[in-house]
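A note on names: the letters A, B, ... follow the listed sequences, proteins ahead of strands, and every chain is numbered from 1.
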Amino acid sequence: MRLKRTDLCGVLTKQDVDREVVLAGWVKKRRDHGGLIFVDLGDRTGYSQVVFNPEVDKESHAQARSVREGWVILVKGKVARRPEDSMNPKLGTGEIELMVEDLEILNVSRPLPFSPDDEIGTDEEVRLKYRYLDLRRPTMQKNILLRYRLTRLVRDFMDKKGFVEIETPFLTKSTPEGARDYIVPSRVYPQEFYALPQSPQLFKQLLMVAGFDKYFQIVKCFRDEDLRADRQPEHTQIDIEASFVEEEDIYRLVEDMLVSIFKNLIGVSLKAPFPRLGYKEAVERYGSDKPDTRFGSELVDVSVWASGGSFEVFRKVLEDGGKVKGIKIPDASSLSRKDMDELCRWITLYGAKGLSWILLSSPGPRSSLTKFFSEGSLKRVAQDMGGKEGDGLFFVAGPGEMVNQSLGELRLKLAKRFNLIPQGKYQPLWLVDFPLLNRDGEGNLTSLHHPFTSPREEDLPFLEDTPDLVRARSYDIVLNGKEIGGGSIRIHKREIQERVFKVLNIDLLRAREKFGFLLDALSSGAPPHGGIALGLDRLLMLMVGASSIRDVIPFPKTQKAVCLLTQAPSPVDEKQLRELGLEVRRKSSSSK
RNA sequence: GGGGCCGUAGUUCAGUUGGUUAGAACGCCUGACUGUCGAUCAGGAGGUCGCGAGUUCGAGUCUCGUCGGCCCCGCCA
């Protein structure tokens with residue numbers, strides 16, 4: 001490079017007029033008038049118009065005729081005030097332009113598959129294939145830079161609180177109790193495998209035993225499960241653990257941190273302490289363990305009313321120990337018969353057999369239940385639920401869990417449709433009082449959080465006899481209906497850990513084989529400890545209002561866990577496999 | 001493992017009841033042009049209609065399969 005950059009493209013103003021500057025950047029746009037050539041030269045700060053005028057410099061003007069969009073150039077020249085009638089008020093740098101005296105072409109570019117502007121809607125498949133171009137878009141630049149500022153703020157914050165960042169290994173031991181592991185074959189020990197960590201959980205507990213009483217880490221975690229709009233196979237978490245703490249210490253720390261993050265990075269004031277809601281209550285009132293409490297429309301149990309009509313479905317459900325619950329949605333009486341049919345079909349996704357409804361439209365209410373309930377009875381339930389003219393009431397009958405889930409989902413769906421969610425509002429919430437265990441599809445006990453979560457002391461006597469009733473010392477942090485973190489006070493005594501393993505049907509032999517090192521550590525002077533992990537990507541999603549986690553991750557994977565940029569995963573050489581002692585069983589048809 | 005939506009030029013899309021040579025805008029190429037900023041004007045190139053099979057005299061269009069992308073259920077301690 002002959003020339004050396006002196007200034008950034010997007011920040012020049014009329015204060016810079018008459019300065020001699022050198023700008024470097026990408027040609028965003030070129031307008032060739034034959035005599036004059038205008039180029040919008042941009043970098044991550046924005047762009048400035050640079051002017052090639054043969055009367056200023058003949059050579060650079062001649063050279064500029066060949067310059068194309070996407071090329072990388074350096075230009076030297078004097079900042080000039082634009083003629084009054086050609087100022088561009090839409091542009092921060094619109095009052096000035098650079099009169100080019102010297103041009104250096106640093107690199108050419110092929111015509112790009114898409115212009116890296118925010119205006120152009122390009123399919124995500126194309127964006128991911130050329131992610132380096134997509135990342136040039138101002139929105140993506142903003143997101144990635146915010147990500148950096150967030151991690152920096154967290155590190156500063158935790159440092160001030162006396163926490164130390166300590167790295168934990170990525171090549172570690174497989175513990176198939178939780179999510180599916182990503183497995184890495186060992187070359188030195190053929191037929192043996194490492195696993196990529198789903199979280200540094202056990203290591204951070206060992207660090208507590210080691211006396212690093214305040215640990216944190218901004219760290220990648222890996223889970224080989226199917227993806228969603230807010231789930232990637234590798235995600236980053238803010239992982240925290242501390243000794244000699246109780247729930248309140250963690251709450252206060254996280255509240256301070258989130259308040260600081262939102263204040264400093266996006267200028268939003270969160271009110272601390274955050275409200276707390278019991279797990280059971282959340283599920284009964286909102287149909288979710290990560291309720292969005294920015295709006296009402298809570299679930300109401302109307303089983304007593306439902307038993308009064310002649311609707312066989314309700315009666316049968318109630319006889320079988322099920323429930324009938326309802327929600328009230330403002331403005332929903334405008335829904336058409338066709339809308340209702342669609343909702344009926346949609347709600348079966350969550351196991352509901354159907355959807356009953358009362359639309360309080362004028363002149364009179366419409367309902368799917370008119371055949372089974374008198375008009376007075378319908379009016380009464382509407383009144384009980386606080387329904388006003390214009391509202392829609394929706395009912396689901398069935399086993400309690402299913403009713404809660406499906407109505408909870410319906411509540412969210414209709415809230416979006418009828419704009420019940422206040423924009424720009426951030427509502428954090430602690431979810432507390434979780435049970436320690438729940439049952440999987442086959443009725444086996446599994447950890448709700450993870451097997452290292454401490455039961456409440458006063459519930460310990462019931463662990464073996466009535467394990468379903470034992471409460472956990474765990475907590476989730478929920479923001480706007482998204483789970484952004486979870487943690488617990490851990491078990492720090494070997495005896496209790498062994499009892500929990502046993503209740504989870506992990507026998508002593510297997511527990512020792514899988515978690516022997518933890519049990520030994522717990523019997524080596526483990527202090528009481530606990531912590532939390534916050535999902536950094538989801539937090540960012542909420543902060544920038546992204547609808548997909550991919551928009552805050554520089555190089556994300558597709559829904560089928562493929563990197564469209566590098567085409568990973570991919571087959572490896574026969575030689576590599578041999579060294580690892582592996583043989584691939586080929587499927588008759590390609591799976592990718 | 002399952003359900004839904006989608007796939008046509010570099011990009012975003014249109015394409016009728018199955019019917020001639022598959023169109024538009026932007027982008028790209030060539031030329032003209034000294035105040036443009038979605039520059040303008042004149043001309044031009046660019047297509048395995050994701051792929052395969054079937055139905056048909058004839059398929060971008062219908063059927064089946066398959067690959068890929070997105071959203072969701074299951075899964076995600």
Give a yes/no answer on whether the side chain of A:Lys90 brings an N or O atom under 4.0 Å of OP1 or OP2 in B:G38.
yes
Quiz item: A:Arg82 side-chain donor-acceptor pair to B:U36 base, under 3.5 Å:
yes
Across every strand shown, the nucleotide meeting Watson-Crick or G-U wobble geometry with B:U56 (both distances under 3.5 Å) is none
Report yes if a donor N or O on one partner sits less than 3.5 Å from an acceptor N or O on the other, where the partners are the side chain of A:Glu97 and the base of B:G35; otherwise report no.
yes
Remember a base hit wins even if backbone is also touched, and classify A:Pro83 as base, sugar-phosphate or nothing at under 4.0 Å, heavy atoms.
base
In whole angstrom, give the distance that lies between atom CZ of A:Arg345 and atom C1' of B:C5.
12 Å
Can you list everything that forms a side chain to side chain donor-acceptor pair (under 3.5 Å) with A:Gln232? Sequence neighbours excluded, please.
none
Taking atom C1' in both B:A22 and B:G47, what distance in whole Å separates the two?
8 Å
B:A32 and B:G10: how far apart are their P atoms, nearest whole angstrom?
28 Å
Sugar-phosphate only, base, or nothing, as touched by A:Ser86 at under 4.0 Å among non-hydrogen atoms:
base
Given that both distances must come in under 3.5 Å, which nucleotide forms a Watson-Crick or G-U wobble pair with B:C70?
B:G4
Mind checking A:Asp32 for me? I need base, sugar-phosphate or nothing, with any heavy atom below 4.0 Å counting as a touch.
base
Sorted by first residue and then second, give each side chain to side chain donor-acceptor pair (under 3.5 Å) pair with at least one member in residues 50-67 of chain A; sequence neighbours left out.
A:Asp57-A:Ser60
Summary of ring pair (Phe, Tyr, Trp, His ring centres under 6.0 Å) pairs that have at least one residue in residues 474-504 of chain A, sequence neighbours excluded
A:Tyr251-A:Tyr475, A:Phe501-A:Phe515
Between B:U12 and B:G50, how many Å separate the two P atoms, rounded to a whole number?
14 Å
Are A:Asp433 and A:Arg456 within salt-bridge range, i.e. N to O under 4.0 Å?
yes
For A:Glu125, enumerate each residue passing the salt bridge (charged side-chain N to carboxylate O under 4.0 Å, His left out) test, keeping only those at least two apart in sequence or located in another chain.
none
I need the residues from residues 64-76 of chain A with at least one non-hydrogen atom less than 4.0 Å from RNA chain B; give them sorted by number, or say none.
A:Arg65, A:Arg68, A:Glu69
List in numerical order all residues of residues 478-489 of chain A for which some heavy atom is under 4.0 Å away from an atom belonging to RNA chain B.
none
Students often get this wrong, so: under 4.0 angstrom with heavy atoms, is A:Gln559 touching a base, only sugar-phosphate, or nothing?
base
Go through A:Arg510 and A:Asp507 one step at a time and tell me if the salt bridge (Lys or Arg N to Asp or Glu O under 4.0 Å) criterion holds.
CA-CA 5 Å; A:Arg510 187 172 156 74; A:Asp507 63 55; over 6 Å; no
Under the ring pair (Phe, Tyr, Trp, His ring centres under 6.0 Å) definition, can you give me all pairs with a residue in residues 29-52 of chain A, not counting sequence neighbours?
A:His33-A:Phe38
I need the full list of salt bridge (Lys or Arg N to Asp or Glu O under 4.0 Å) pairs touching residues 480-495 of chain A, with sequence neighbours left out, sorted by first then second residue.
A:Glu241-A:Arg490, A:Arg494-A:Glu498, A:Arg494-A:Asp520, A:Glu495-A:Arg499
With a 4.0 Å cut-off, would you call A:Asp551 and A:Arg127 a salt bridge?
yes
Pairs where residues 400-412 of chain A contributes a residue and the test side chain to side chain donor-acceptor pair (under 3.5 Å) is met, not counting sequence neighbours:
A:Lys325-A:Asn404
What are the residues of residues 39-58 of chain A, sorted by number, that bring a heavy atom to within less than 4.0 Å of RNA chain B?
A:Gln49, A:Asn53, A:Glu55
Just checking A:Arg30: base, sugar-phosphate only, or nothing, at a heavy-atom cut-off of under 4.0 Å?
nothing
Can you list every pair that meets salt bridge (Lys or Arg N to Asp or Glu O under 4.0 Å) and has a residue in residues 34-45 of chain A, with sequence neighbours left out?
A:Arg31-A:Asp40
For B:A25, the nucleotide meeting Watson-Crick or G-U wobble distances (both under 3.5 Å) is B:U11
All N/O contacts under 3.5 Å from nucleotides 74-76 of chain B to the protein, with atom names and distances to one decimal?
residue, atom, partner, partner atom, Å
B:G74, N7, A:Arg228, NH2, 2.8
B:G74, O6, A:Arg228, NH1, 2.9
B:G74, O6, A:Arg228, NH2, 3.1
B:G74, N1, A:Asp226, OD2, 2.8
B:G74, N2, A:Asp226, OD2, 3.3
B:C75, O2', A:Glu225, OE1, 2.6
B:C75, O2, A:Arg231, NH2, 3.2
B:C75, N3, A:Arg231, NH1, 3.4
B:C75, N3, A:Arg231, NH2, 2.8
B:C75, N4, A:Arg228, NH2, 3.4
B:C75, N4, A:Arg231, NH1, 3.3
B:C76, O2, A:Arg231, NE, 3.3
B:C76, O2, A:Arg231, NH1, 2.8
B:C76, N3, A:Arg231, NH1, 3.1

